[in-house]
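A quick write-up on the structure given underneath.
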Amino acid sequence: MILSVASGKGGTGKTLVATSLALSLQGQGAVQLLDCDVEEPNAHILLRPQIDSSRPVTVPVPAVDNEKCTYCGLCSEACAYNAIAVAGRTVLVFRELCHGCGACSYVCPAGAISEEPRQVGVVERGRVGTMRFAQGRLNVGEAMAGPVIRAVKRLADPAATVISDAPPGTSCPVVETIRGSDFCLLVTEPTPFGLSDLTIAVEVSREINVPCGVVINRDGPGDESVERYCAQEAIPVLMRIPFDRRIAEAYCRGETLAAAMPSWQQAFRELFDRVRGLAAVGSVS
Amino acid sequence: MKIAVSATAPHLDAALDPRLGRCQYFLIVDTESMEFEAIENPAITAPGGAGIQAAQLIAEKGAEAVITGGCGPNAYQVLSAAGIPVFVGASGSAREAIESYKRGELQPTPQASTGPGAGMRGGMGGGMGGGRGGMGGGRRR
């Protein structure tokens, strides 16, 4: 079972939910936490994992053999990202724009293009007690998180309960993280900002056919608009975490909610039971 | 001599478009006869690498120089590989820019004059940045 935790809006509590949920499920079979927010992984700050291995993540980029090249320009026409250009008797490769799709080498009639790996980040594997942990780190200055996220997801153990912490937003890295999950928890806050970005996140999860449910964080102040929206759209509100200074203080000390206030562990286990039920229904319908 | 000018509309009295990769039109102008061909810039909607695509088009059209407002590093690299000098910082109409070029008032830039993706800001296709966390909402791309 793969459960991703996303939000739309940043700073709503994705990592708070993902880490405490994973910790609360320890002792109920294998649990694995994947931090897919490869641009700014932060679950490790709360979980302090022991990292056992680190592997480079590479993207294949074109290398042009000038002896064979006829400067026909087909590679440049084929590239959807304008990452390869033919200007006069020169072929220019813009490696940072290359998505590694291989179209240029595929269409080259002269066989002048080979592929060479370019490192864009790393994946790290480790443990937090009995829980398995993995995270990706995108190199600073790189624009494409996708290959690193896919490398993290490849480490998912099909026999384990996998919790994937997604990046904020609703763009490609989020889609990449959520895609293939059995369920997506959307963490939001009861504010107009929270609702606006939640709406987009719900549309994303529907587009890629992943059933979703909502966790309302910092519940209390704010307005009713998120509740109204969820009722209208028949999206289950699965948990409410109150606006509570003690939670904020513990988080600021780098403690998870599950560790700082252990009474929450039961609530997270119940949350997971409901998710499992909803995911089973989602996969049938 | 054929010159490419970035312009906001498909005629010589149109204002020069300060962006190269994401300009509205390219005017390929014969500086002797002032006859020209107007080309809608296909790169204007490119998700990335607009300057690269635009620069290749300019080279394909046989232009021997480019007059524009600003030129980023990727477009500059393609144009210099093709041996095409870039005259930046021009303003007014496309016709005025060509006239000042002919009078020798414009100097070719020895390097890119803006950062990559400068034409994205404020205009179409913007929104690369965005804040993160807290009140500002998530990153979006």
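We name chains A, B, ... by the order of the sequence lines, and we start the count at 1 in each one.
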Counting heavy-atom pairs under 4.5 Å with chain A, which one of B:Val78, B:Ile84, B:Asn74 comes out on top?
B:Asn74
Pick one of side chain, backbone, both or neither for B:Ala50, based on which atoms fall under 4.5 Å of a heavy atom in chain A.
backbone
If you tally heavy-atom pairs under 4.5 Å between each of A:Thr90, A:Leu97, A:Ile84, A:Val86 and chain B, the highest tally belongs to A:Val86
Look at A:Lys14 together with A:Asp165 and state whether they make a salt bridge at an N to O cut-off of under 4.0 Å.
no
Can you tell whether the side chains of B:Lys2 and B:Glu37 come within less than 4.0 Å, N to carboxylate O?
no
Heavy-atom distances under 4.5 Å only: say whether A:Glu77 touches chain B with side chain, backbone, both or neither.
neither
Do A:Val61 and A:Phe94 come close enough that some side-chain heavy atom pair is under 4.5 Å?
no
Between the side chains of B:Asp17 and B:Gln24, is a donor N or O closer than 3.5 angstrom to an acceptor N or O?
no
Taking the six-membered ring for Trp, are A:Tyr81 and A:His99 parallel (under 30°), tilted (30 to 60°) or perpendicular (over 60°)?
parallel
Examine whether an atom of B:Ala59 lies under 4.5 Å from a heavy atom of chain A, and if so say whether it belongs to the side chain, the backbone or both; otherwise answer neither.
neither
Residue from B:Gly49, B:Gly51, B:Gly83, B:Ser80 scoring the most non-hydrogen pairs under 4.5 Å with chain A is B:Gly49
Would you say A:Thr19's side chain and A:Leu16's backbone share a donor-acceptor pair under 3.5 angstrom?
yes
Below 4.5 Å from any heavy atom of chain A, which atoms of B:Gln56 appear? Answer side chain, backbone, both or neither.
side chain
